[in-house]
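Below is one structure, written out as structure tokens; comments come after it.
The figures that follow rest on heavy atoms only: side chains count, while hydrogens, waters and symmetry mates do not.
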Amino acid sequence: MAEVVRMPKMSDTMTEGVIAKWHKKVGDKISSGDVIAEVETDKATMDFESYQDGILLYTGPKEGEAVPVDAIIAVLGEKGEDYKALLEDSKKEDTASDKKEAPEASSDSKEADSGSSDSDSDVTAEDLGVTVITMPLLSDTMTEGVIAEWNFKVGDEIKSDDAIADVETDKATMEVTAYADGTLLYIGLEKGEAAKVNDIIAIVGPKGTDITPLLNKKNKPSSENKAAEVKDAPKEESSSAKVESSAESAESDDSRVKASPLARKLAKDKGIKLSDVKGSAEGGRIVKKDIENYKPAEKVASAAPAAGAASEQTVSIPQYIGEERYTEKPVTQMRKTIAKRLSESLFTAPHFYLTMKIDMDSAMSARTKINEIAPVKVSFNDLVVKAVAVALKQHPNVNSSWLGDKIRYNEHVNIGVAIAVDEGLLVPVVRFADGKSLSHISAEVKDFAQKAKAKKLQPSDWEGSTFTISNLGMFGIDEFTAIINSPDACILAVGGIQQVPVVKNGAIVPGNIMKVTLSCDHRVVDGATGAAFLQTLKNLLEEPVRLLV
């Protein structure tokens with residue numbers, strides 16, 4: 001008996017999937033476990049395995065088409081079996097709820113555009129044989145993307161595996177694949193402009209296809225808004241005119257002075273009264289060079305008291321002429337997300353802070369010996385990552401997360417390492433750090449740093465941390481506090497190593513001290529719990545041989 005195959009829900013946030021590639025065609029024999037297609041979800045492109053045996057009788061969506069979760073994508077059954085009745089029954093069930101709302105939607109459509117034809121209002125991408133490319137969800141926190149670069153222009157021929165654009169997300173700059181063959185018929189926004197997730201950014205289809213009905217349907221609401229704006233425009237202009245007229249009356253003195261438009265603008269920007277400036281052009285007209293060469297001393301001299309005036313002298317304060325300047329840059333997607341998430345963390349999680357000094361003499365000696373034999377250079381940060389991972393195994397309360405109605409105690413140790421880039425801060429994750437060697441951790445962190453600076457980090461690289469480390473010691477920072485990287489319960493802020501006087505065996509000697517500050521979510525971690533973790537970390541770094549046990 002024939003069975004339908006539906007689009008599976010492959011992640012907790014997935015609402016639809018794109019058939020990136022069919023590995024089987026109609027008529028092929030399918031066995032349970034065979035990969036029949038590649039599905040692009042909101043997180044990654046994944047293999048879709050069949051859980052049934054049979055002949056592939058039907059495939060619904062084409063490569064590159066998006067399909068809602070639970071929608072039919074294929075039918076499996078016996079060779080020659082009639083499956084059309086099965087498809088029709090499933091479609092009736094799926095559209096039952098839509099039909100209930102159809103009359104209301106139809107009436108709204110008529111009111112919105114009484115002059116448009118039914119064919120224009122009902123036209124779809126499938127009717128025209130084109131593929132609509134929308135802004136994909138490239139990370140779990142992404143709400144919109146900015147077109148960093150278009151790799152093709154309207155009229156170019158596109159293949160299904162071509163990267164048509166580079167999109168700047170809140171985490172990195174990533175490629176958007178066309179997943180369709182044809183001609184690039186339409187580009188919805190310019191380079192540097194932003195679009196919300198699932199907004200149309202491009203259309204691909206056969207050369208010469210008229211996509212006007214599709215675009216008219218898409219732009220109808222915005223057209224109405226524009227009409228409303230045009231309707232209100234005269235009122236705005238009149239109010240603006242009133243403001244300008246009042247401004248002119250306030251500056252009536254300067255308005256009667258002969259001056260070029262550019263000179264007036266320069267004088268206004270610099271705060272110079274035109275009546276104080278002597279014009280050099282014909283008829284005493286003030287020009288640009290008169291404003292640029294104007295000195296307050298001229299006014300002071302002209303205002304000097306004449307002979308026979310009152311003997312009382314006043315002190316003249318020189319006027320300083322300056323120009324206010326500034327530059328503005330649009331907030332990047334990464335900076336928007338950093339601001340949003342840190343604000344949520346700071347105002348949601350009740351923070352408290354614990355600071356401890358660690359004697360790094362032994363760690364410095366151990367690092368020197370390690371680097372004599374290590375295949376890659378081990379840094380102090382690598383030592384801290386390893387020590388934190390080992391300490392977390394002994395203090396599982398610190399390696400935990402607040403989930404509202406429950407606390408998750410993580411048995412695995414995934415350390416997020418904060419890396420600064422030009423646009424902000426990225427936190428790739430060293431997974432299972434407690435089981436990795438110092439060389440392994442060092443190589444992995446260096447690789448993450450290179451990818452972060454090149455904007456090549458993938459969502460899988462920054463997801464799933466259980467604890468975070470932020471190290472500013474290399475920038476000469478002695479100590480600082482960090483905001484918790486939610487949903488982690490703690491973050492460790494690491495300062496630089498300073499050579500200071502310390503007391504050892506009753507004598508004052510030079511010592512190398514590093515300060516660390518633990519930020520804790522008080523809903524999960526208490527003061528004594530955080531202090532015990534720091535004490536273990538201190539013992540591990542002051543006696544690094546413990547890291548090898």
Not counting sequence neighbours, which residues clear ring pair (Phe, Tyr, Trp, His ring centres under 6.0 Å) with His440? List them please. none
Who are the side-chain hydrogen bond (donor to acceptor under 3.5 Å, both in side chains) partners of Glu38, not counting sequence neighbours? His23
Grab the two heavy atoms, one from Asp166 and one from Glu175, that are nearest each other, plus how far apart they are. OD1-CG, 3.6 Å
Name all residues meeting the side chain to side chain contact (heavy atoms under 4.5 Å, CB included) criterion together with Ala452; count only those two or more places apart in sequence or in a different chain, and write none if there are none. Ile419, Val421, Leu426, Leu457
With sequence neighbours left out, the residues meeting side-chain hydrogen bond (donor to acceptor under 3.5 Å, both in side chains) with Thr468 are Asn485, Asp488
Could you list all the salt bridge (charged side-chain N to carboxylate O under 4.0 Å, His left out) pairs where at least one residue sits in residues 190-200, not counting sequence neighbours? Glu149-Lys191
Backbone of Ala163 reached by a side-chain donor or acceptor of Thr177 within 3.5 Å: no
Measure the acute angle between the ring planes of Tyr83 and Tyr58, then classify it against the limits of 30° and 60° as parallel, tilted or perpendicular. tilted
For a quick test of reading the model, state the closest non-hydrogen atom pair linking Ile164 to Trp150 and the distance between them. O-CE3, 3.6 Å
When every non-hydrogen atom of Val154 is compared with those of Leu185, the smallest separation belongs to CG1-O, 3.7 Å
Checking Glu81 side chain against Ala2 main chain: does a donor-acceptor pair fall under 3.5 Å? yes
Below 3.5 Å, can you tabulate the donor-acceptor pairs from side chains in residues 375-390 to any protein atom, sequence neighbours excluded?
residue, atom, partner, partner atom, Å
Ser379, OG, Asn381, N, 3.4
Ser379, OG, Asp382, N, 3.2
Ser379, OG, Asp382, OD1, 3.4
Ser379, OG, Asp382, OD2, 3.0
Asn381, OD1, Asn471, ND2, 2.9
Asp382, OD2, Ser379, N, 2.9
Asp382, OD2, Ser442, OG, 3.1
Lys386, NZ, Asp434, O, 2.9
Lys386, NZ, Lys436, O, 2.8

Side chain to side chain contact (heavy atoms under 4.5 Å, CB included) with Glu65: which residues, sequence neighbours excluded? Pro61, Lys62
What pairs with Lys159 under side-chain hydrogen bond (donor to acceptor under 3.5 Å, both in side chains), at least two apart in sequence or on another chain? none
Show the nearest heavy-atom pair for residues Val398 and Cys490, with the distance to one decimal. CG1-SG, 3.7 Å
Are any side-chain N or O atoms of Asn410 and backbone N or O atoms of His412, one a donor and one an acceptor, separated by less than 3.5 Å? no
According to side-chain hydrogen bond (donor to acceptor under 3.5 Å, both in side chains), who are the partners of Ser486, at least two apart in sequence or on a separate chain? none
Identify, with sequence neighbours excluded, every residue that meets side chain to side chain contact (heavy atoms under 4.5 Å, CB included) alongside Val26. Thr59
Under the rule for side chain to side chain contact (heavy atoms under 4.5 Å, CB included), what residues qualify as partners of Asp34, not counting sequence neighbours? Lys24, Ile30, Ser31
Which residues pass the ring pair (Phe, Tyr, Trp, His ring centres under 6.0 Å) test with Phe352, sequence neighbours left out? His522
